[in-house]
Amino acid sequence: TQRGVSRTVPWVRLTFVGFEVPQRSTVTWAELLEVLPSVHADILGGDERLDSDLLAAAPSLRMVSFVGTGYGAFIDETAAKARGITIRNTPNIMAGAVAEHTLGLLLGLARGLFSQNESVKRSGWPITTTSELAGMRVGLVGLGAIGSRVARILVSAFGSAVIYNSRNRKPDLEEELGLTFFELDALVQEADALLLLLPTTPQTVNLLDEARLGTARPGLLLVNTASA
């Protein structure tokens, strides 16, 4: 199966200091298999998945730099460690874009934009009741670089009440933005909208299962922009 892989990371600095950097705007899966055996470092910035088979085809590979934060779904970490391959990510590089995307999805759900768009395409003109973000209780699962940006915008631009759950409490943000920390079960039960802003790890897979979601308020708005 061939899949296009986008390569948009600038290479100028690497080539300037003497590295040979093969690059293409797109590359097929078969082409990736051809180039990997001679690669010592890979900047993973597209939709390719470095599974155990691909890593086995890269005997010279020593480092993978992931353009983004959560790389669990893109790199077989166990296989990489077994081969002595170092993995590094680029925290914050996409934080602004993901935060904006998250808020766009939330606005679309709250204001019924997606359902109304589909109805209008079928020559309908629906009369629906929608919700404002002002005063809405928005729960954030994850308050890292992306979650923090989302919280700031929700509070300052929309006047939302933001509650959150995170591995570590953020007292500075709690004081600055008026955020309230909740344990996850309570967060799900109290939120009008729930935003997932987490990396994919063994600890976060299936974090919101059927039983937990079954305790949520009727009509809960759920936005999942956790890394896939």
Side-chain angles (χ1 to χ4, degrees), residues 8-10 45 65-74 87-114 129-209 212-228:
T8 58
V9 180
S65 179
F66 180 73
V67 183
T69 303
Y71 54 77
F74 292 87
I87 303 172
R88 292 289 182 266
N89 62 357
T90 51
N92 302 336
I93 191 169
M94 298 296 290
V98 177
E100 291 177 9
H101 183 67
T102 301
L103 290 166
L105 293 174
L106 178 59
L107 278 168
L109 288 174
R111 306 303 293 176
L113 301 182
F114 305 124
T129 300
T130 62
S131 302
E132 295 183 358
L133 298 191
M136 181 180 289
R137 202 170 207 193
V138 182
L140 308 185
V141 184
L143 199 67
I146 297 169
S148 298
R149 291 190 183 217
V150 170
R152 290 183 188 280
I153 297 171
L154 284 170
V155 171
S156 62
F158 295 103
S160 303
V162 176
I163 58 180
Y164 80 99
N165 175 268
S166 181
R167 285 182 302 176
N168 303 305
R169 290 190 65 165
K170 306 293 176 68
D172 291 345
L173 285 175
E174 289 178 17
E175 181 177 355
E176 177 189 351
L177 301 175
L179 311 185
T180 304
F181 177 87
F182 276 69
E183 295 297 336
L184 184 57
D185 288 336
L187 186 82
V188 173
Q189 295 166 17
E190 293 295 327
D192 300 310
L194 199 59
L195 313 183
L196 299 186
L197 304 160
L198 298 165
T200 300
T201 69
Q203 291 73 37
T204 61
V205 171
N206 297 324
L207 187 68
L208 293 186
D209 55 17
R212 186 166 269 155
L213 285 174
T215 67
R217 295 182 176 186
L220 173 74
L221 303 179
L222 178 62
V223 175
N224 180 12
T225 48
S227 58

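For reference, positions follow the sequence shown, starting with 1. Scope of the values below: all heavy atoms of this structure, side chains included, with no hydrogens, waters or symmetry mates.
Nearest approach of A193 to M136, heavy atoms of both residues: CB-SD, 3.8 Å. Minimum heavy-atom separation, A145 to N92: CB-OD1, 2.7 Å. Closest approach of N89 and G68 over heavy atoms only: CB-O, 3.2 Å. Annotation for S148 and L143: closest pair OG-O, 3.4 Å, computed over non-hydrogen atoms. Nearest heavy atoms, G139 versus A191: N-CB, 3.9 Å. Nearest heavy-atom pair across L198 and G142 is CD2-CA, 3.7 Å.
In this structure, L140 CG and I146 CD1 are separated by 11.5 Å, a value rounded to the nearest 0.5 Å. Here the OG1 atom belonging to T204 is positioned 9.5 Å from the CG atom belonging to L196, to the nearest 0.5 angstrom. Separating the CD atom in E183 from the CG atom in D185 is a distance of 8.5 Å, to the nearest 0.5 Å. Residue L187 holds its CG atom at 11.0 Å from OG of S166, rounded to the nearest 0.5 Å. The distance from atom CG of L179 to atom CG of L173, rounded to the nearest 0.5 Å, is 6.0 Å. Note that CG of L195 and CG of L105 are 9.5 Å apart. Values are rounded to the nearest 0.5 Å.
Looking at L208 and L194, their side chains come closer than 4.5 Å, going by heavy atoms from C-beta outward.
Within 6.0 Å of CG in N206 there are 12 or fewer heavy atoms belonging to other residues, nucleotides or ligands.
Every residue meeting the side-chain contact (heavy atoms from CB on, under 4.5 Å) condition with E190, not counting sequence neighbours, appears here in chain and number order: R137, I163, F182, R217. With sequence neighbours excluded, the residues satisfying side chain to side chain donor-acceptor pair (under 3.5 Å) with T102 are T225.
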Original post:
Taking it one step at a time, do L106 and L154 satisfy side chain to side chain contact (heavy atoms under 4.5 Å, CB included)?
Top reply: CA-CA 10 Å; L106 178 59; L154 284 170; 4.0 Å; yes

**OP:** Give the C-alpha distance, both sets of side-chain angles, the deciding distance and a yes or no for side chain to side chain contact (heavy atoms under 4.5 Å, CB included) between V150 and V138.
**Re:** CA-CA 10 Å; V150 170; V138 182; over 6 Å; no

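With R212 contributing its side chain and L207 its backbone, the two residues share a donor-acceptor pair below 3.5 Å. A donor-acceptor pair is defined here as one N or O able to donate and one able to accept, closer than 3.5 Å; no such pair exists between the side chain of T215 and the backbone of Q189.
For residues 141-165, the ring pair (Phe, Tyr, Trp, His ring centres under 6.0 Å) pairs, not counting sequence neighbours, are Y164-F181.
Ring geometry for F66 versus F74: interplanar angle of 30 to 60°, hence tilted.
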